[in-house]
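FYI, side chains are in, hydrogens and waters are out, and symmetry mates aren't considered; it's all heavy atoms of this structure. Computed from a predicted model, the values in this text were never measured in an experiment. In what follows, every chain begins at residue 1, and chains take the letters A, B, ... in the order their sequences are listed.
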Protein chains: 2
Amino acid sequence: MSEPKPGRPPRAVDVAAAAEVSTATVSRVFNNPEKVAPAIRERVLATAKAMGWMPHAAGSALARRRSSIVGAVIPTLDNEVFAAQVGAMQAAFAERGITLLLSCFNYDQDQAVHDVQAMLARGVEALAIVGEAHRPELFAAIRARHIPYVVTYSHRPDSPHPCVGFDNRQAFHGIARHLLDLGHETIGVIIQPTAGNDRVAARLDGVRGALAECGLAVRPQHLCEGEWSIDFGRQSVRAMLATDPAPTAVICGNDYLAIGALLEARAMGLSVPRDLSITGFDDIAISRQLDPPLTTMHIDNHEIGRRAADYLLACLEGGQPAALPPLVPTLIRRGTTAPPGLG
Amino acid sequence: MSEPKPGRPPRAVDVAAAAEVSTATVSRVFNNPEKVAPAIRERVLATAKAMGWMPHAAGSALARRRSSIVGAVIPTLDNEVFAAQVGAMQAAFAERGITLLLSCFNYDQDQAVHDVQAMLARGVEALAIVGEAHRPELFAAIRARHIPYVVTYSHRPDSPHPCVGFDNRQAFHGIARHLLDLGHETIGVIIQPTAGNDRVAARLDGVRGALAECGLAVRPQHLCEGEWSIDFGRQSVRAMLATDPAPTAVICGNDYLAIGALLEARAMGLSVPRDLSITGFDDIAISRQLDPPLTTMHIDNHEIGRRAADYLLACLEGGQPAALPPLVPTLIRRGTTAPPGLG
DNA sequence: GCCCTCGATGTAAGCGCTTACATAGATCGT
DNA sequence: ACGATCTATGTAAGCGCTTACATCGAGGGC
């Protein structure tokens, strides 16, 4: 008997009145259709469609005590690695009627804490977060809400968090191993800032570990740490090659850095890989198109996103989620690595 | 006097009880702090913090009839152009306490309609949508809700929608003009699918218009339409160069296609730009790093995202939003264009 | 000293929806 | 033919918050 107020979106009670049923039936038609007689169901559906009504999410969330929202917290969308992960998560969640909230913390730990709190206030039912190097209060806040979460891009064996990712240390150990096997002994590293970034710190550690096994080390002047950008790759390799002895190979923290290194080395008249071997990490789309194509580690970012989403969905559906085995990045040997000193 | 139930997040009433005030005061502390005496305000704030309480968004949205959510509907995050736009929007909205909902329709119009409806059900207060080639019911649904929206990446002078973008037709007219001025007469085009993509259709139209002004046209065998990917750029340029007469210049619908064209032309032993001029569009990060660096149109995608967000925020705050002048992409003449026949 | 004003706080009525429980037919076994 | 059982639907009590309105004191003008 309620009067639908013109100019405002219709409510369930308006639809109920128009279809001559109760609001309970309207609700059931949309949430438990099998509990409603087909004839009535069709009538309600038709009425709702005619009136342009759909359940109002806030009201529904309140009554149901479920928001059907999950959050993704990433450093930035400007890196195609994270963009791909988010895209895959969004697709996986959308299939189950779950909406994705996105937030970029720009590698700022305080921002990340803030973002997570905002998401919790929004009632997210689960959370995916890139990396585990976050302030303790971030994880404390999540735990206090008892919601499932997952950390992506990290997979330390002894992490206290559920992780979807790979072992960064081991991956870079493998890269270093590859260069050592080729015979390199003077190896440079161009890498993202390690401070507050567990993944990057683990990578550097992996390189150091592999070198140490051969009694080698990274010389300070052969270690450049800075923002991941093509330009930083360029300037780093230029600086490094001015030292004596110059490195015969350089391991880069991601493909952007490696691309910069490659371009600059070529611009300096060096031949890659004859004069200098270069490795990347991530295998972004452009890498295999370069000349020579970049030797790098391939990471399946869509797979990471999908697995993270699947894990969280399993948690939400109450099931015991399957264990999360680490992903294994694969070394793609392309054209930028070769034995040293062939020049 | 309410009993805080253990194991569940605290509610405003729990905080009110603990701080010995009413729920109204608690609410005011968080929404209109200036209306509460400082002493009480501090006490409530401290209590809330101690209990880990923050207003529950669904309840608040319901009571306030405002969700503080806006939606962004884009084709895909796999294109750094859209990722950058979303990143900028997210940042701009976050500053005002507004949360961004994201959805990718993968260039599928039905998916876009579905996504928009889902967002409306979620109570988004505003919507940003890439492109205007959408089903009429998409815009009808938005209008029915009377919420502000904005179309990005399009800016036809006579569009019925508020737009943040540039005139695609004019932009490609400019590119073609550039090549014509250099003396090219046989010009190929490698472009994304035009069906259901107003922006791309306008681009092709711009090229055709400029050629027509000189009594020229794109030969059918010099027009390749397909998914934007480096590989499609490669195969297209290869096919095109096998025709007779072969084009002396090729205009690409975006930088990815242009990169493919450039790489393949070089792989075929051609010298760019001596044997073939190539243009891109978007000016993605890698483009200026190529060898030779790519001549392309620069689009400021962050700016588009920011303007779209600012416009929507202005609408939400009730102000008459400023007019939306078109952005003007600028042609960046780098190393892939030159007069023809210098070989 | 009294009444009025005004600012600070409390009371309580929703916001739109879901769902436990109540109810009313229908079905069925005996 | 009667109660037990079931199914389809309705009734109404919240979910957690905001806010119009009521209330209560403290100041202030006369």
Side-chain angles (χ1 to χ4, degrees), chain A residues 1-5 8-44 47-48 51-69 97 120-123 125 145, chain B residues 1-5 8-44 47-48 51-69 97 120-123 125 145:
Chain A
M1 287 302 95
S2 101
E3 283 297 298
K5 318 201 177 165
R8 288 227 284 161
R11 297 156 306 157
V13 55
D14 302 323
V15 174
E20 301 183 288
V21 296
S22 71
T23 59
T25 297
V26 172
S27 175
R28 279 192 282 259
V29 165
F30 281 77
N31 298 302
N32 295 92
E34 76 284 359
K35 293 200 168 178
V36 177
I40 297 198
R41 193 195 309 155
E42 293 311 320
R43 193 167 84 227
V44 170
T47 315
M51 301 178 69
W53 180 83
M54 28 200 342
H56 184 86
S60 158
L62 201 51
R64 199 194 282 259
R65 263 151 296 178
R66 293 205 41 180
S67 62
S68 293
I69 292 180
L120 292 174
R122 286 243 166 253
E125 292 180 37
R145 280 293 195 290
Chain B
M1 288 303 98
S2 101
E3 284 297 299
K5 318 201 179 168
R8 290 226 285 161
R11 296 157 307 156
V13 57
D14 302 323
V15 175
E20 300 183 290
V21 295
S22 70
T23 58
T25 298
V26 172
S27 174
R28 279 192 283 260
V29 166
F30 281 78
N31 298 302
N32 296 92
E34 76 285 358
K35 294 201 167 177
V36 177
I40 298 199
R41 194 194 308 155
E42 295 310 320
R43 193 167 84 227
V44 171
T47 313
M51 301 178 69
W53 181 83
M54 28 202 338
H56 183 86
S60 156
L62 201 51
R64 196 193 286 258
R65 260 149 298 176
R66 292 207 44 181
S67 63
S68 293
I69 293 181
L120 292 173
R122 286 244 164 253
E125 293 181 35
R145 280 293 195 290

**Student:** Looking at B:T23, I'd like to know whether one of its side-chain N or O atoms comes within less than 4.0 Å of OP1 or OP2 on D:dT18.
**Tutor:**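 Looking at the OP1 and OP2 atoms of D:dT18, neither is under 4.0 Å from any side-chain N or O of B:T23.
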
**Student:** To the nearest Å, how far apart are A:L62 CG and C:dT19 P?
**Tutor:** 12 Å

**Student:** Rounded at 0.5 Å granularity, tell me how far CD in A:E125 sits from CG in A:L120.
**Tutor:** 12.0 Å

**Student:** So, does the side chain of A:R28 form a donor-acceptor pair with the base of D:dG10 at under 3.5 Å?
**Tutor:**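 A donor-acceptor contact between them is present.
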
**Student:** Over its full length, what angle do the end axes of the helix from C:dG1-D:dC30 to C:dT30-D:dA1 make, each axis taken from five pairs and the result rounded to 10 degrees?
**Tutor:**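 Angle reported: 40°, given to the nearest ten degrees.
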
**Student:** Using a cut-off of strictly less than 4.0 Å, decide whether A:S60 has a side-chain nitrogen or oxygen near OP1 or OP2 of C:dC17.
**Tutor:**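 Looking at the OP1 and OP2 atoms of C:dC17, neither is under 4.0 Å from any side-chain N or O of A:S60.
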
**Student:** Kindly point out which of C:dT18, C:dA8, D:dC17 is positioned nearest to the side chain of B:A37?
**Tutor:** C:dA8

**Student:** Quick one, B:E42 with B:V44, criterion side chain to side chain contact (heavy atoms under 4.5 Å, CB included). Give me CA distance, side-chain angles, the key distance, then yes/no.
**Tutor:** CA-CA 5 Å; B:E42 295 310 320; B:V44 171; over 6 Å; no

**Student:** May I have the step-by-step check of side chain to side chain contact (heavy atoms under 4.5 Å, CB included) for A:R11 and A:T23, ending in yes or no?
**Tutor:** CA-CA 9 Å; A:R11 297 156 306 157; A:T23 59; over 6 Å; no

**Student:** Whole-Å distance between C:dC15 C1' and B:H56 NE2?
**Tutor:**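 Nearest whole value for this atom pair: 13 Å.
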
**Student:** Distance check needed: D:dC17 C1' versus A:R122 CZ, whole Å only.
**Tutor:**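 Distance, rounded to whole Å: 14 Å.
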
**Student:** Would you please confirm or rule out a distance under 4.0 Å between OP1 or OP2 of D:dT18 and any side-chain N or O of B:S27?
**Tutor:**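 Yes, because at least one side-chain N or O of B:S27 sits under 4.0 Å from OP1 or OP2 of D:dT18.
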
**Student:** Starting at atom CE of A:M54, determine the distance to atom P of C:dC17, rounded to an integer number of angstrom.
**Tutor:** 11 Å

**Student:** Contact class for B:A24 vs. all strands (heavy atom < 4.0 Å): base, sugar-phosphate, or nothing?
**Tutor:**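 Base: the residue B:A24, judged by heavy atoms under 4.0 Å, touches a nucleobase.
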
**Student:** Contact class for A:V26 vs. all strands (heavy atom < 4.0 Å): base, sugar-phosphate, or nothing?
**Tutor:**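 Contact class for A:V26: none.
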
**Student:** Starting from P on D:dA8, measure out to CD on A:E42 and report it in whole angstrom.
**Tutor:** 15 Å

**Student:** Atom CD of A:E34 and atom C1' of D:dT7: how far apart are they, to the nearest Å?
**Tutor:** 13 Å

**Student:** Round to a whole Å and report the spacing from CZ of B:R65 to C1' of C:dC15.
**Tutor:** 5 Å

**Student:** What is the minimum heavy-atom distance between B:R145 and A:G52, and which atoms define it?
**Tutor:**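 Closest approach of B:R145 to A:G52, heavy atoms only: NH1-O, 3.8 Å.
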
**Student:** Taking all atoms of both residues into account, what is the closest heavy-atom pair of B:R41 and B:V36, and its distance?
**Tutor:**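 Scanning both residues completely, I find the closest heavy atoms to be NH2-O, 3.2 Å.
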
**Student:** On DNA chain D, check which nucleotide each of A:R64 and B:A63 is closest to and give me the residue with the more 5' one.
**Tutor:**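 The answer here is A:R64.
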
**Student:** By nearest nucleotide on DNA chain C, pick out whichever of B:K35 and A:N32 is the more 5' one.
**Tutor:**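 Its nucleotide being nearer the 5' end, the pick is B:K35.
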
**Student:** Show the numbers, then the answer: is there a side chain to side chain contact (heavy atoms under 4.5 Å, CB included) between B:I69 and B:R122?
**Tutor:** CA-CA 8 Å; B:I69 293 181; B:R122 286 244 164 253; 5.5 Å; no

**Student:** Identify the two heavy atoms, one from A:V26 and one from A:A12, that lie closest to each other, and give their separation to 0.1 Å.
**Tutor:**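 Between these two residues, the closest heavy atoms are CG2-O, 4.2 Å.
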
**Student:** Starting at CD of A:E20 and ending at P of D:dT9, how long is that distance when rounded to a whole Å?
**Tutor:** 14 Å

